[in-house]
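One structure is given here, and the rest of the page talks about it.
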Protein chains: 2
Amino acid sequence: MLKAKIYVKLKASVLDPQGKAVTNSLHNLGFTDVLETRISKYIEMNFTSDDREKVSQEVEYICNSLLANPNTEVYQYEIVPLEQNLEN
Amino acid sequence: MLKAKIYVKLKASVLDPQGKAVTNSLHNLGFTDVLETRISKYIEMNFTSDDREKVSQEVEYICNSLLANPNTEVYQYEIVPLEQNLEN
């Protein structure tokens, strides 16, 4: 079994209002050394398949068609063996 | 300058309805080898400080007080040098 670790991030050129709000809150709390915050999605997807090539193609398709907005977001991923006992 | 890479995940015992919805959608689309999907937050926070110990303490405090809900979520993080040219 395989696990896809998928990051869906806003493009660098796109404003992240949620991250900006966190940065402002932290400045108000006194954490003035926080320069910037960017908030992204991190998705772990487990597959019954052991075929990396097939899973990789599926993840590409899933990111393009479901998880990421190609206008504003970019994605990256890695495929790793699913080690059930080490995850929580 | 340092970058904190922070993951805020639902506890393994907590149902992830958004992830469940994605899994169901994928099954309907024919991706029947998708076993489970868990959706988490991935936060990159840049600090002007170069003091790893100080930044680490700040990140702990920020996670506990702002980013994670201790009832339902767990967090993990790593502190790395901020390499501006390699990030997008």
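Note on naming: letters A, B, ... go to the chains in the order of the sequence lines (proteins, then strands), and numbering restarts at 1 for each one.
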Hydrophobic cluster membership, with links at side-chain heavy-atom distances under 4.5 Å among I/L/V/M/F/W/Y: are [X] and [Y] in one?
X	Y	answer
A:Tyr77	A:Ile43	yes
B:Leu66	B:Ile79	yes
B:Val8	B:Val55	yes

Sole residue of A:Val22, A:Thr23, A:Leu35 in side-chain contact (heavy atoms from CB on, under 4.5 Å) with B:Met45: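 For B:Met45, the side-chain contact (heavy atoms from CB on, under 4.5 Å) test succeeds with only one of A:Val22, A:Thr23, A:Leu35, which is A:Val22.
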Close side-chain approach of B:Leu29 and A:Ile62, heavy atoms under 4.5 Å: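 With C-beta onward as the side chain, the pair stays apart.
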Heavy-atom side-chain proximity of B:Phe47 to A:Val34 below 4.5 angstrom: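 In contact.
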Contacting moiety of B:Ile39, where chain A heavy atoms sit under 4.5 Å: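 Both parts, backbone and side chain.
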Rounded to the nearest 0.5 Å, what separates atom [atom1] in [X] from atom [atom2] in [Y]?
X	Y	atom1	atom2	result
A:Thr48	B:Glu36	OG1	CD	13.0 Å
A:Tyr42	B:Lys5	OH	NZ	12.0 Å
A:Asp33	B:Asp51	CG	CG	9.5 Å

A:Leu67 versus chain B, the contacting section by heavy-atom distance below 4.5 Å: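 The side chain, not the backbone.
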Enclosure of B:Glu78 CD (heavy-atom neighbours >12, cutoff 6.0 Å):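 Enclosed.
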Plane angle bin for A:Tyr61 and B:Phe31 - parallel if under 30°, tilted between 30 and 60°, otherwise perpendicular: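 The arrangement is tilted - the two ring planes meet at 30° to 60°.
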Salt bridge (Lys or Arg N to Asp or Glu O under 4.0 Å) partners for B:Glu58, two or more places apart: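 B:Glu58 satisfies salt bridge (Lys or Arg N to Asp or Glu O under 4.0 Å) with B:Lys54 once adjacent residues are dropped.
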